[in-house]
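On a predicted model such as this, the values are computed, not experimentally measured, just so you know.
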Amino acid sequence: MATGNFLAMQINRHFRVHLIDVCSVHKMDEMLASHNIDLIISTVPIESSIIPALTVSVILSEIDLARIRACLSELESSQIPVLTSSHSESTVDLHRFTANEKTTFLSLFEAGRIVLDKDIIDWKEGIIAAGELLLWQKKITVNYLHQMIDLVIKYGPYIVIAPGVALAHASPLDGVLEPALSLVRLKTPVCFGDHQYNPVLTILACAVYDTPEYANILILLMTLLRRPDFIQMIQKAENPQMILSYFQTQIPFPSE
């Protein structure tokens, strides 16, 4: 849901459309049955024989924007009344997040859940390396770790959200025991299938609850991960504290 909300925020920035709602895949049929929907935009592949469906990256690329724009233009030409022309806007403003959300975000990380230059052979081992940091501290169950891998097998490399960065996650119902985040920088980057942001150097494992507060926290995280200075920092970091310091200094509080 957090990735869906982040996607919706980007769509609202770039296009003037009527967004019906954000829902998870397993609730899609219920949503389609109860609303008049003209287009589905999803971060995972959706099979629909009735309504057009686009699969896009969590962070919209120029190609994603062009594909959405083309679909909207086609719907406009069909005289669908809810769609209008597109417009652009600046990137996410970090000042819009509350002090409580920023404090909670920083509490999810700690030095013991950050590992640098982990030696692995493929993306599955990378997810396991990040997930085990949460598992050892009893933040997730073994099932949650397995689900993070199974979702990539099922839906493809949608967790690769920025150049060189993957954010592994599953449903809270799969085994989140306590909210936490972990981060692994790989010794050698790996590829997650065929993805524009390959190869991946950094894998984060995310275990949070499916609530509005944590949805905003994930939006905050994804906003930071997409910044070029994060990529540069993660490549040069000599220890976990340098990464923690980056997050602490890059998030402005309302009083600043």
Residues 151-175, side-chain donor-acceptor partners within the protein, below 3.5 Å, at least two apart:
| residue | atom | partner | partner atom | Å |
| --- | --- | --- | --- | --- |
| His169 | ND1 | Leu167 | O | 2.9 |
| Ser171 | OG | Leu173 | N | 3.2 |
| Asp174 | OD2 | Ser171 | N | 3.3 |

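- When side chains are defined from C-beta on, Ile41 does not count as touching Phe15, because their heavy atoms never get closer than 4.5 Å.
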Carefully, step by step, assess His195 and Val200 under the rule side-chain contact (heavy atoms from CB on, under 4.5 Å). CA-CA 10 Å; His195 198 284; Val200 169; over 6 Å; no
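- Within the 4.5 Å cutoff, side-chain heavy atoms of Leu19 are placed close to those of Val17.
- Atom CG of Asp194 has 12 or fewer heavy atoms from other residues, nucleotides or ligands within 6.0 Å.
- The two residues Ala207 and Ile140 make their nearest non-hydrogen contact at CB-CG2, 3.4 Å.
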Return a table of donor-acceptor pairs under 3.5 angstrom between the side chains of residues 125-138 and protein atoms on other chains or two or more places apart.
| residue | atom | partner | partner atom | Å |
| --- | --- | --- | --- | --- |
| Glu125 | OE1 | Ile121 | N | 3.2 |
| Gln137 | OE1 | Arg113 | NH1 | 2.6 |
| Gln137 | NE2 | Glu110 | OE2 | 3.2 |

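- Residues Tyr209 and Tyr214 come closest through the heavy atom pair O-CB, 3.2 Å.
- Between Leu225 and Ile231, the shortest heavy-atom distance links the atoms O-CD1, 4.1 Å.
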Going through the distances and angles, do Leu183 and Ile234 end up as a side-chain contact (heavy atoms from CB on, under 4.5 Å)? CA-CA 10 Å; Leu183 183 151; Ile234 204 69; 3.9 Å; yes
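- Between Ile114 and Leu244, the closest side-chain pair of non-hydrogen atoms falls below 4.5 Å.
- Note that the CH2 atom of Trp123 and the CD1 atom of Ile203 stand 9.5 Å from one another [nearest 0.5 Å].
- Contacts classified as side chain to side chain donor-acceptor pair (under 3.5 Å) and involving residues 178-190 (residues at least two apart or in different chains) are given here: Asp117-Arg185, Lys139-Glu178.
- Transitive grouping of hydrophobic side chains (ILVMFWY, heavy atoms separated by less than 4.5 Å) brings Val142 and Ile149 into a common cluster.
- For Asp21 (side chain) and Met31 (main-chain N/O), no donor-acceptor pair under 3.5 Å exists by modelled atom type.
- Residues Leu54 and Ile68 are in side-chain contact: their nearest non-hydrogen atoms beyond the backbone lie under 4.5 Å apart.
- Between Asp122 and Lys124, no side-chain nitrogen of the basic residue sits less than 4.0 Å from a carboxylate oxygen of the acidic one, so the salt-bridge criterion is not met.
- Taking CG from Leu181 and OG from Ser107, the interatomic distance works out to 9.0 Å, rounded to the nearest 0.5 Å.
- Listed for the Asn239 side chain is a donor-acceptor partner under 3.5 Å among the backbone atoms of Met242.
- Here the side chains of Phe105 and Leu224 are in contact, with some heavy-atom distance below 4.5 Å.
- Expressed to the nearest 0.5 Å, how far NZ of Lys236 lies from CD of Glu238 amounts to 11.0 Å.
- Taking CG from Asp64 and NE2 from His14, the interatomic distance works out to 10.0 Å, rounded to the nearest 0.5 Å.
- Side chains of Thr141 and Leu145 form no contact here, defined as non-hydrogen atoms less than 4.5 Å apart.
- Inter-residue side-chain proximity for Leu220 and Glu101 is flagged as unmet; no heavy-atom pair is nearer than 4.5 Å.
- Looking only at side-chain heavy atoms (C-beta outward), Gln250 and Met233 stay at 4.5 Å or farther from each other.
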List the steps, then state whether side-chain contact (heavy atoms from CB on, under 4.5 Å) holds for Thr202 with Leu204. CA-CA 7 Å; Thr202 305; Leu204 295 96; 4.0 Å; yes
Kindly determine whether Val56 and Ser42 satisfy side-chain contact (heavy atoms from CB on, under 4.5 Å), including the steps that lead there. CA-CA 6 Å; Val56 298; Ser42 174; over 6 Å; no
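- Under the 4.5 Å side-chain heavy-atom criterion for ILVMFWY residues, no single connected hydrophobic cluster contains both Leu177 and Met148.
- The CD1 atom of Ile243 lies 12.0 Å from the CD atom of Gln248; values are rounded to the nearest 0.5 Å.
- Taking CD1 from Ile20 and CD1 from Ile37, the interatomic distance works out to 6.0 Å, rounded to the nearest 0.5 Å.
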